[in-house]
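Read through the structure below, which is laid out as structure tokens, and then see the notes.
Here is how names work: the chains are called A, B, and so on, in the same order as the sequence lines, proteins then strands, and each is numbered from 1. Note that these values count all heavy atoms, side chains included, but never hydrogens, waters or copies made by symmetry.
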Amino acid sequence: MGAPFDYSYVFSFLPKLLSTLGVTMLIVAGSLLVGIVAGFLVALPRLYRIPVLNAFSMVYISFFRGTPILIQLFLFYYGLPEILKLVHIDLSRAPVMVFVILTYGLHTGAFMSEMIRASVTAVDRGQVEAAYAMGMKGHQAFLRIVLPQALAIAVPVFSNMVIALLKDTSLAFTLGLMEMTGKAQTLGNITQHFIEAYLALAFIYLVISFTLEKLLLRAERRLMRHEVPESAARKRFRVQEKLSYRRIIAGIRPEKGGAEL
Amino acid sequence: MKIDPSFIWAAFVNLMSAIPTTLLITAVSVTAGFMIGLIAAFARIYKVPVLSQIATAYVTFIRGTPMLTHLLLIYFGLPVLVDALSAQMGWGFKSSSIPMIWFAFISFSITAGAYMSEVIRSGLLAVNRGQLEAAYSIGMTTWQALRRIVFPQALAVSLPNLSNSVIGMLHGSTLAFTVSVVDINAQAQIVASTNWKFFESYLAAAAIFWGLTLLIERLTAIIERRINLYNRGGVA
């Protein structure tokens, strides 16, 4: 199958693949944006236990976590125009990118809402009570006390979600979008050097996810500054231990997969 | 194109025939992945000289790249390797005689192994070190202590993550269509394009996957309740 393996192709493919990096990153950034908005909208009813909306959120989360992203992509790509046609909105000319970002956004939103809920509930209830006792209002307590602490808790999970999203974007080629994986396939088809093309592709994904992970780890360290334990001698040991354990737990994507209805 | 609700049921019935393939891919990749993961996790926990570095590189590579690239690399790379090897050894074995589904089995097992190794490692690390020491102090050997004391507790801790991995592999098995294995997703594509009813077919496929996922969650919950019996706390 294909031409004999030739090292030099891997290097010549790298710049060609990198030319489509922008498309992949656009999908990641766009869906993160959609995902954060959707995640908050879905998490709030669950956090404040709003009767009917709560059930809605649960079904939403269960659906997006319970079905494969590939199926969701096809479902939205083919289904959304038909549903919107019933209310006389014509989407048949909308670019594929819109559907891709929307699907990945809503998919990420489900995981994002679970992340938000978990990190907010992980903040000690006493913190909010102390804030109230000092005379803070509801939104003040949330913005100044709960949010910064919840952020620090959420970062490792968030970091994994971004990397999972990056890897999931490799499926967008199934809708004919020319992102990195699609480009690698085209390059392989033209030159018949498939292995080299996919090796170059894997290398680029590896470098990006590695960089993202390191960047977000730095963000986490910064956000964890406030956690100063009792004595300086125990500090180095304890915090590191706790941090590294949390990282392992977050590393296995406990938030990925699962439906929990 | 109009939405045809009755076709959803027709597609659903049609897709049922592909459920065994999906479940088989999932079961094989989870089982083989668990074995690989166990080896990789132990190599890293016990810091076995060369093995632990290999395991770390393996886990980093697999977790940093999409599952699709693993499948494509195996699909295009393995035949080349196998053919070169069999030519050298004179086996007379041709890579073209490997059934397509084996590419999915091999590649998904490799993917699952990396994720599983992290699940197993975190589960083992979560067991208190004192448990192992207590087992030693009553005269157990390392193997006995691991088998009777550490493994059951580690399993209980990592059960939710294991179930997530299984669900992840179930969802990942949809990629098998790229190597022309007819799983639920591929069957949905076939049904969709022959009847020109894309939305209905994928809706049926989504329903099946949703059902399977909920089933796995339910089963996990039952096993979890059973397995955590020792850990109840309280007085009675």
Legend entry - Winner by heavy-atom pair count (cut-off under 4.5 Å) against chain B, out of Gly188(A), Ala184(A), Ser170(A): Ser170(A)
Legend entry - Contact class of Thr181(A) relative to chain B, heavy atoms under 4.5 angstrom: side chain
Inset, instruction - Check the surroundings of atom CZ in Phe203(A): do more than 12 heavy atoms from other residues, nucleotides or ligands lie under 6.0 Å from it? - result: no
Legend entry - Proximal component of Thr178(B), with respect to chain A [non-hydrogen, under 4.5 Å]: side chain
Legend entry - Any side-chain heavy-atom pair of Gln189(B) and Phe74(A) under 4.5 Å: yes
Legend entry - Close side-chain approach of Trp210(B) to Ser62(A), heavy-atom, < 4.5 Å: yes
Legend entry - Aromatic ring pairing Phe194(A)/Phe76(B), orientation class (parallel under 30°, perpendicular over 60°, tilted between): parallel
Legend entry - Check: Ile69(A) main-chain N/O paired with His171(B) side-chain donor or acceptor under 3.5 Å: no
Inset, instruction - Would you check, one step at a time, whether the test ring-ring contact (aromatic ring centres under 6.0 Å, His included) holds for Tyr78(A) with Phe199(B)? - result: CA-CA 5 Å; Tyr78(A) 292 114; Phe199(B) 184 46; 9.1 Å; no
Legend entry - Residue pair Val80(B) / Ile195(A): nearest heavy atoms and the distance that separates them: CG2-CD1, 3.7 Å
Inset, instruction - Kindly indicate whether the side chain of Leu175(B), heavy atoms from C-beta on, has any atom under 4.5 Å from the side chain of Leu171(A). - result: yes
Inset, instruction - For Lys167(A) and Leu68(B), indicate whether the former's side chain and the latter's backbone hold a donor-acceptor pair under 3.5 Å. - result: no
Legend entry - Structural part of Leu75(A) lying under 4.5 Å from a heavy atom of chain B: both
